[in-house]
Amino acid sequence: MMLTNESQTLRNDWSRDEILGLFDLPFNDLLFQAQTVHRQNFNPNEVQLSTLLSIKTGACPEDCKYCPQSARYDTGLEKEKLMQIEQVIEAAKAAKASGSSRFCMGAAWRSPHDRDIPAIEAMIREVKGLGLETCMTLGMLSDTQADKLSDAGLDYYNHNLDTSKEFYGDIITTRTYQDRLDTLSNVRNSGMKVCSGGIVGMGEEQKDRAGLLMGLANLPKHPDSVPINMLVKVAGTPMETEEDLDPFEFLRTIAVARILMPKSYVRLSAGREEMNEQMQAMAFMAGANSIFYCDKLLTTPNPKANSDMQLLKRLGISPEKSSAEKDSQQQEADLHQAIAEQKTDHLFYRAS
Ligand code: SAM
Ligand code: DTB
Ligand code: SF4
């Protein structure tokens with residue numbers, strides 16, 4: 001199936017066969033198509049930078065087979081209680097100083113307890129007050145919890161579908177795929193932006209990668225941000241000896257995500273520590289335009305900030321400004337324009 005300009009309207013009715021058809025394209029045709037869609041919707045030489053912080057680590061009651069933070073697996077991880085707000089602010093200031101535009105706070109919870117919400121709200125207000133976009137990932141949210149986080153000013157909520165509906169039960173048994181859809185709907189209804197993606201390389205088949213992307217693209221509205229994680233194989237988890245996914249298949253997943261969700265940010269997410277620079281450059285070519293920019297993801301290593309900056313520079317890619325920065329630049333430009341117009345009006349008035 002060839003995409004033309006006319007078919008560029010956002011679609012929510014993708015069939016799995018159509019998606020598998022994209023996966024089956026010759027690699028160069030797929031990348032060309034994805035890059036074309038990317039250029040029609042984004043500056044291809046800008047990448048959005050998000051910094052992650054684990055605000056509550058380990059001892060999670062859920063059984064997600066990929067996750068080092070589940071209490072069910074012995075991964076040697078030291079559990080930590082909910083972080084003090086001062087530490088969160090310090091980390092957010094450092095993120096801003098290093099050029100990040102969004103600060104994402106993650107907690108190893110099934111869902112937040114209502115008693116934790118006031119502390120969470122305070123974190124959102126403080127981090128937002130620094131001029132950073134805010135994102136949280138705290139597990140399932142009820143509609144009232146989503147409304148509270150939205151009212152506190154949370155910009156994005158991350159909650160992943162993780163994999164296809166069919167493969168989901170092989171990975172997680174303590175919450176259902178429908179639970180995830182319900183949280184995503186609560187987040188969307190609260191007015192927050194949705195960040196939702198998944199993990200590849202968990203032993204799933206191509207039809208499951210297609211199914212994951214179909215689940216995301218056929219949501220009532222496309223997620224604003226789509227993290228594609230390559231499984232980080234952590235010793236002690238049931239997935240520690242999982243076979244490597246073919247890197248080209250990973251790139252195909254990014255490219256297909258870009259084609260299905262043309263206006264969404266596609267994040268080259270976990271797994272970059274194991275990828276070389278050429279692979280990351282190809283992911284940008286395939287339409288990825290966001291990364292986690294921090295030395296650590298939640299609990300596992302990520303490329304160092306300065307090596308990321310060097311890579312972006314070598315590729316001629318600039319970090320995207322935060323919406324607060326874009327707004328203030330726009331205000332400044334409007335002001336200059338207004339002053340210039342006043343000056344011209346004045347000249348015109350005197351001359352006539
Ligand atoms: N506990 C919350 C939840 O699961 O909704 C939020 C944090 S959880 C760690 C966020 C996401 O991180 C998961 O949905 C999963 O997609 C991703 N993730 C966790 N462990 C991973 C791993 N080993 N490799 C790649 N992605 C991983
Ligand atoms: C997402 O999709 N990936 C991030 C973020 N959302 C929260 C988490 C990746 C975690 C990788 C394993 C770890 O560091 O614990
Ligand atoms: Fe818990 Fe989230 Fe890890 Fe699942 S992915 S075990 S819910 S921290």
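Each ligand, and each atom within it, is numbered from 1 in the order the structure gives.
The set of protein atoms (N, O or S) found at less than 2.8 Å from atom 4 (Fe) of ligand 3 reads C64 SG, by chain and number.
Not a single heavy atom of G197 sits under 4.0 Å from any atom of ligand 1. The closest approach between any non-hydrogen atom of G106 and ligand 1 is not below 4.0 Å.
The closest protein non-hydrogen atom to atom 12 (O) of ligand 1 is N160 ND2, 4.5 Å. Among protein heavy atoms, the minimum distance from atom 7 (S) of ligand 3 is reached at R175 NH2, 3.3 Å. Scanning all protein heavy atoms for the shortest distance to atom 4 (O) of ligand 1 gives R175 NH1, 4.0 Å. At the shortest separation from atom 9 (C) of ligand 1 among protein heavy atoms lies L298 CD1, 3.4 Å. For atom 21 (C) of ligand 1, the nearest non-hydrogen atom of the protein is Y66 CD1, 3.7 Å. Residue, atom and distance of the protein heavy atom nearest to atom 10 (C) of ligand 1 are T137 OG1, 4.1 Å.
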Test E18 against R11 for salt bridge (Lys or Arg N to Asp or Glu O under 4.0 Å), laying out the working first. CA-CA 12 Å; E18 266 181 301; R11 285 183 50 194; 2.9 Å; yes
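Of all the atoms in ligand 3, the ones that sit under 4.0 Å from a non-hydrogen atom of Y66 are 5 (S).
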Ligand 2 N/O to protein N/O, distances under 3.5 Å:
from, atom 1, to, atom 2, distance (Å)
ligand 2, 2 (O), N160, ND2, 2.9
ligand 2, 2 (O), N229, ND2, 2.8
ligand 2, 3 (N), N229, OD1, 3.0
ligand 2, 6 (N), N158, OD1, 3.1
ligand 2, 14 (O), L298, N, 3.0
ligand 2, 14 (O), T299, N, 2.8
ligand 2, 14 (O), T300, N, 3.0
ligand 2, 14 (O), T300, OG1, 2.8
ligand 2, 15 (O), T299, N, 3.2
ligand 2, 15 (O), T299, OG1, 2.6

